[in-house]
Amino acid sequence: MSFSQLGLSAKVLAAIEAAGYKQPTPIQEQAIPHVLARRDVLGIAQTGTGKTAAFVLPMLTQLEQGRARARMPRTLILEPTRELAAQVAENFEKYGKNSKLNVALIIGGVSFDDQDAKLLRGVDVLIATPGRLLDHFERGRLLLSACELLIIDEADRMLDMGFIPDIERIGKLVPFTRQTLFFTATMPPEIQRIADTFLHNPVRVEVSRPATAAATITQLLCHTGRDPHEKRETLRRLIRGAENFKNAIIFCNRKREVALLHKSLVRHKFNAVALHGDLDQSARTAALDAFRKGEAKLLIASDVAARGLDIPDVSHVFNFDVPHHADDYVHRIGRTGRAGKLGTAITIVAPADSKSVAAIEKLTNMTIPWMEKSATVATEGDAPVEARPPREERSRGEHRRDRTPQPRRQHPDPARAPRSRPQRDHDEPDMSHLPAFLLRPVSIKA
DNA sequence: AAAAAAC
């Protein structure tokens with residue numbers, strides 16, 4: 001099957017070829033003809049399946065005819081996060097360079113007036129997060145009565161984030177006669193109910209999880225203590241020892257922890273940027289840009305970056321914290337091993353996390369190996385000596401007395417290891433339980 | 001338990 005058989009316009013086919021794509025993915029192959037036939041589509045697909053192009057490409061073909069009127073967008077795409085919205089906008093740039101379409105990105109955290117000016121000029125494609133869209137609507141800067149196509153992307157995530165009331169409200173502002181595309185990764189009952197209210201006689205298109213996800217990602221667990229300093233030390237050791245390292249996303253459960261860890265890594269001369277929802281939008285965009293361009297090797301992030309972000313070449317994902325929700329784990333590690341590339345996902349597990357790990361193993365239906373289990377026992381002399389942290393860090397509540405390094409024996413099952421650790425009589429972590437490949441130092445550009 | 005999203 002080739003793109004030329006799907007009914008796309010010549011301009012769009014030329015753009016696809018220029019982008020270097022040869023073959024449609026299963027979701028594109030199944031959805032594009034229905035979208036072009038103006039059917040409603042219920043798409044069940046994860047990110048990484050080519051879902052975005054499955055609606056961008058036929059939209060470009062459809063929109064070649066007709067023209068937008070001031071303040072009346074012709075199509076509307078709703079996304080749960082600002083970064084995802086921006087990413088969809090980039091797709092229109094990429095495939096739409098032969099078309100003269102007006103694309104507007106309507107998200108929070110950036111100038112309202114610039115967006116307003118764009119709306120006034122008339123937009124063919126409006127890509128929005130719900131809050132800012134409703135803001136424009138309430139101020140009377142936007143009418144949805146000429147909108148022919150509504151796309152709800154990442155519906156299950158919108159549900160998680162409590163956006164469904166906003167989405168339902170927006171749905172009522174768009175004419176009943178519109179075409180609707182509804183994408184979700186999972187189909188819990190609540191999402192099914194919402195899909196039923198939004199869609200009329202939809203075609204159901206379902207693709208399995210990208211086979212790439214499980215197969216190309218090496219997953220590992222690494223045991224650590226509960227002390228934050230020790231966790232950070234474990235992380236630094238994992239990064240320095242990572243095999244085939246190119247870059248990494250490091251996930252934390254809390255925004256505060258993202259900021260803290262980012263500071264600490266920068267102090268340790270790592271080339272790191274941070275991304276979470278409390279940063280202003282320019283900082284968020286700058287961080288993501290730097291990471292995408294390879295200027296920053298480490299991206300420390302909250303779950304704002306867990307789903308959908310498409311960075312084709314991430315070699316490692318580290319979970320600094322075990323996610324509380326097992327499906328977040330799946331989304332986080334899916335940031336690596338993309339587009340057929342190999343990836344490694346290492347989760348740092350403190351004693352209190354065993355329940356969360358069990359839930360993840362249940363969901364993924366696999367036992368994730370502990371790094372210790374495949375250990376090649378290294379002698380003390382083999383372990384690289386880690387640079388002593390700079391003074392500032394030691395003075396920030398992380399004082400520890402200098403002690404002679406002592407090898408620590410690993411409990412056979414770290415999840416059941418006694419909670420009270422006998423004594424902390426080493427300044428450097430014990431590396432004797434690590435496989436040899438993790439002990440090889442890797443230099444990271446500062 | 002937390003993240004995300006509007007001024």
Side-chain angles (χ1 to χ4, degrees), chain A residues 47 76-89 104-116 119 126-142 152-171 173 184-185 191 226 228 249-262 274-285 287-288 299-309 317 319-332 334-335 347 349-350 352-360:
Chain A
T47 49
L76 171 61
I77 303 170
L78 294 171
E79 295 288 335
T81 67
R82 298 170 186 175
E83 277 74 17
L84 282 178
Q87 195 169 282
V88 172
L105 183 60
I106 301 293
I107 60 174
V110 293
S111 155
F112 188 96
D113 291 339
D114 295 351
Q115 296 175 356
D116 187 51
L119 289 172
L126 186 57
I127 304 156
T129 46
R132 181 58 75 90
L133 182 88
L134 285 170
D135 195 356
H136 279 280
F137 181 81
E138 280 159 10
R139 298 192 201 189
R141 319 307 285 172
L142 168 72
I152 321 280
D153 199 14
E154 304 269 339
D156 50 353
R157 190 171 186 203
M158 302 250 204
L159 175 71
D160 289 348
M161 291 169 46
F163 287 175
I164 294 302
D166 284 351
I167 299 300
E168 290 184 316
R169 204 181 138 204
I170 294 165
L173 303 174
T184 179
I191 288 292
R226 57 164 44 168
I249 304 180
I250 302 163
F251 285 104
C252 304
N253 287 355
R254 295 174 180 80
K255 292 180 280 197
R256 239 183 68 84
E257 191 69 51
V258 171
L260 218 66
L261 180 60
H262 173 241
L275 176 63
H276 62 76
D278 278 355
L279 295 170
D280 60 78
Q281 191 54 37
S282 59
R284 284 167 67 160
T285 308
L288 202 52
L299 176 69
I300 329 300
S302 68
D303 278 316
V304 68
R307 300 197 197 194
L309 277 197
V317 165
N319 286 315
F320 185 73
D321 298 310
V322 181
H324 289 112
H325 281 307
D327 44 336
D328 286 335
Y329 173 84
V330 178
H331 289 289
R332 287 181 182 185
R335 294 317 97 209
T347 300
V349 183
D353 300 325
S354 47
K355 262 192 177 165
S356 307
V357 172
I360 289 164

If you look at every strand shown and take non-hydrogen atoms under 4.0 Å, does G162(A) touch a base, only sugar-phosphate, or nothing? nothing

Using atom types as modelled and distance alone, determine if a side-chain donor or acceptor of R335(A) lies under 3.5 Å from a backbone N or O of H331(A). yes

Take atom CG of D328(A) and atom P of dA1(B), then tell me their distance rounded to the nearest Å. 15 Å

According to a strict under-4.0 Å criterion, is R82(A) in side-chain N/O contact with OP1 or OP2 of dA6(B)? yes

Enumerate the side chain to side chain donor-acceptor pair (under 3.5 Å) contacts for residues 157-171 of chain A, please, sequence neighbours excluded, ordered by first and then second residue. E138(A)-R169(A), D160(A)-R307(A), E168(A)-R193(A)

Test for a donor-acceptor pair under 3.5 Å between the base of dA1(B) and the side chain of H324(A), counting only N and O atoms. yes

In whole Å, I'd like the distance from the NZ atom of K255(A) to the C1' atom of dA3(B). 7 Å

Hey, is the side chain of H325(A) pairing donor to acceptor with the base of dA1(B) inside 3.5 Å? yes

I167(A) atom CD1 is separated from dA5(B) atom P, nearest whole Å, by 13 Å

For dA4(B), does OP1 or OP2 lie under 4.0 Å from any side-chain N or O of R284(A)? no

Can you check whether S302(A) has a side-chain N or O nearer than 4.0 Å to OP1 or OP2 of dA2(B)? no

Spacing between Y329(A) atom OH and dA1(B) atom C1', to the nearest angstrom: 20 Å

Sugar-phosphate, base or nothing in reach of D166(A), heavy atoms under 4.0 Å: nothing

Side-chain N or O of T129(A) versus OP1/OP2 of dA6(B): is the shortest distance under 4.0 Å? yes

Rounded to the nearest 0.5 angstrom, the CD1-CG distance for I77(A) and L84(A) is 12.0 Å

Rounded distance (Å) that lies between atom P of dA2(B) and atom CG of L261(A): 18 Å

Quick one, V258(A) and L275(A) - any side-chain contact, counting heavy atoms below 4.5 Å? no

Whole-Å distance, D321(A) CG to dA3(B) P, equals 10 Å

Could you state the atom-to-atom distance from CD1 of I107(A) to P of dA6(B) in whole Å? 8 Å

E83(A): which residues meet the salt bridge (charged side-chain N to carboxylate O under 4.0 Å, His left out) condition with it, sequence neighbours left out? R284(A)

Take atom CG of L275(A) and atom P of dA4(B), then tell me their distance rounded to the nearest Å. 8 Å

Does N253(A) reach a base, just sugar-phosphate, or nothing at all? Heavy atoms under 4.0 Å. sugar-phosphate

